[in-house]
Amino acid sequence: KARNDGMAVKTLLETFRYPRQGPGMMWDAARDFVLNGGNRVLMGHSLQQLSQDQATGRWRLSARDQAGEAIVINAGHVISSAPMRELAGRIHPLPASLPAALKLKYRDFVTVALMIRSEDLFPDNWIYIHDPRVKVGRVQNFRSWSPEMVPDPNLACVGLEYFCFEGDGLWSSSDEDLVALATSELATLGLCDPATVVGGQVVRQEKAYPVYDDEYRANVETM
């Protein structure tokens with residue numbers, strides 16, 4: 001690839017495959033695959049406790065749905081994608097490695113998607129921001145991933161991504177304040193006129209990234 005000034009742009013690939021309407025389509029397909037095999041998918045349940053029968057090796061999981069109703073699942077195998085710190089506190093009996101697990105730290109993530117009456121603000125999938133005047137760390141252009149994600153030709157949609165910690169000022173801000181912040185920061189960066197922003201949506205993702213501090217490797221190995 002080449003920039004407007006003729007300089008080559010370093011890139012690891014020229015093309016890639018991407019779900020037409022975003023990566024959620026992959027999880028929809030995974031759900032359908034599980035259901036078509038005669039199995040169940042339980043959404044909106046929180047794991048309460050996980051224990052293993054030492055005699056048989058089988059697992060017992062207790063969970064609650066959003067209404068508080070309890071459910072128990074017996075299984076031969078368990079795979080967890082939960083943060084290790086959260087899983088450790090739900091294993092019964094509590095593991096001796098619990099203190100190490102509780103030392104694991106995570107970075108949280110807020111995306112503010114803005115709809116803008118404009119052409120696309122930039123042609124890239126995303127751009128990283130290194131400007132001390134703003135708090136946003138990255139801005140992605142959803143239409144660059146797939147045109148079907150922003151089907152209105154007169155509407156641009158970008159996601160301003162903020163790296164934060166759960167409970168700090170960014171995480172705790174109201175959706176309205178975050179939309180206002182993202183709008184003002186786009187203006188500060190010279191990417192759009194605030195008057196063209198017609199709406200916004202906030203998504204909070206807790207524990208999006210593990211923190212690789214000095215104790216991280218030892219704590220994971222202990223866990």
Side-chain angles (χ1 to χ4, degrees), residues 1-37 39-44 79-84 106-131 134-164 166 170-171 175 178-179 181-183 185-187 189-193 196-212:
K1 293 182 178 180
R3 300 190 316 214
N4 292 337
D5 58 9
M7 296 289 290
V9 176
K10 183 178 180 180
T11 179
L12 297 178
L13 46 83
E14 297 291 340
T15 61
F16 59 91
R17 295 181 182 272
Y18 190 82
R20 293 179 299 103
Q21 295 179 330
M25 295 183 72
M26 294 190 295
W27 310 122
D28 290 341
R31 174 203 60 206
D32 294 344
F33 181 84
V34 171
L35 294 176
N36 290 337
N39 302 289
R40 291 185 297 166
V41 175
L42 302 179
M43 304 293 288
I79 299 173
S80 172
S81 62
M84 292 175 67
Y106 298 90
R107 190 79 159 148
D108 304 294
F109 190 66
V110 171
T111 298
V112 184
L114 295 181
M115 295 170 286
I116 305 164
R117 286 296 174 191
S118 168
E119 297 180 352
D120 284 342
L121 307 187
F122 50 85
D124 307 283
N125 297 92
W126 54 38
I127 54 176
Y128 284 81
I129 307 299
H130 304 280
D131 190 326
V134 296
K135 297 179 179 179
V136 63
R138 188 169 62 192
V139 183
Q140 65 170 308
N141 178 12
F142 294 111
R143 197 187 336 257
S144 288
W145 293 106
S146 169
E148 291 192 35
M149 294 179 66
V150 190
D152 187 338
N154 299 312
L155 191 70
C157 187
V158 295
L160 284 81
E161 299 175 347
Y162 295 89
F163 306 98
C164 58
E166 186 176 357
L170 275 173
W171 181 271
D175 289 4
L178 287 169
V179 169
L181 172 66
T183 300
E185 292 200 339
L186 275 186
L189 295 170
L191 289 176
C192 86
D193 178 355
T196 61
V197 176
V198 296
Q201 182 72 35
V202 176
V203 177
R204 293 171 177 82
Q205 179 60 57
E206 63 182 46
K207 301 176 183 64
Y209 303 102
V211 173
Y212 300 109

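Taken to the nearest 0.5 Å, the CZ atom of R31 stands 14.0 Å off from the CE atom of M26. The CG atom of L121 sits 8.5 Å away from atom CD1 of I127, with the distance rounded to the nearest 0.5 Å. The distance from atom CZ of F16 to atom CG of N125, rounded to the nearest 0.5 Å, is 4.5 Å. Note that CD of Q201 and CE of M115 are 7.5 Å apart. Values are rounded to the nearest 0.5 Å. In this structure, NZ in K207 is found 6.5 Å from CG in D108, a value given to the nearest 0.5 Å. Note that the OG1 atom of T183 and the CD1 atom of I116 stand 7.5 Å from one another [nearest 0.5 Å].
Every residue was checked against the salt bridge (Lys or Arg N to Asp or Glu O under 4.0 Å) condition with K135, not counting sequence neighbours, and none meets it. With sequence neighbours excluded, no residue satisfies salt bridge (Lys or Arg N to Asp or Glu O under 4.0 Å) with R40. Partners of S144 by side-chain hydrogen bond (donor to acceptor under 3.5 Å, both in side chains), not counting sequence neighbours, listed by chain and number: N141. With sequence neighbours left out, the ring-ring contact (aromatic ring centres under 6.0 Å, His included) criterion links Y18 to W145. Applying the salt bridge (Lys or Arg N to Asp or Glu O under 4.0 Å) criterion to E185, with sequence neighbours excluded, gives no partner residue.
Each of V203, V202, V112, V110 was evaluated against D175; a single residue qualifies, V202, per the side chain to side chain contact (heavy atoms under 4.5 Å, CB included) test.
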>> I'd like to know whether L191 forms a side-chain contact (heavy atoms from CB on, under 4.5 Å) with V158, so could you lay out the CA-CA distance, the side-chain angles of the two residues, the decisive distance to 0.1 Å, and finally the verdict.
In response: CA-CA 11 Å; L191 289 176; V158 295; over 6 Å; no

>> Using the rule given for side-chain contact (heavy atoms from CB on, under 4.5 Å), can you reason through Y162 versus L178, listing the C-alpha separation, both sets of side-chain angles and the distance that settles it, and then say yes or no?
In response: CA-CA 10 Å; Y162 295 89; L178 287 169; 5.5 Å; no

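The two residues R20 and E148 have their closest heavy-atom pair at NH1-OE1, 2.7 Å. For the pair L160 and V139, the tightest heavy-atom approach, listed with the atom from each and the gap, is CG-CG2, 4.1 Å. When all heavy atoms are compared, the tightest approach of C192 to V197 is SG-CG2, 4.1 Å. Of all non-hydrogen atoms in F122 and Q140, the two that sit nearest each other are CZ-C, 4.1 Å. A113 and C157 make their closest contact through CB-SG, 4.5 Å (heavy atoms, listed as atom of the first residue, atom of the second, distance). Residue V41 comes nearest to L35 through the heavy atom pair N-CD2, 4.0 Å, listed as atom of the first residue, atom of the second, then distance.
With a 6.0 Å radius and a threshold of 12 heavy atoms from other residues, nucleotides or ligands, Y209 has its OH atom above the threshold.
Listed by first and then second residue, the salt bridge (Lys or Arg N to Asp or Glu O under 4.0 Å) pairs involving residues 111-131 are R117-D152, D120-R143, D131-R133 (not counting sequence neighbours).
Between the side chain of R204 and the main chain of W171, a donor-acceptor pair closer than 3.5 Å is present.
Counting only heavy atoms from C-beta outward, the side chains of Y106 and M84 approach each other to under 4.5 Å.
Between F163 and F109, the angle of the ring planes lies from 30° to 60°, which puts this pair in the tilted group.
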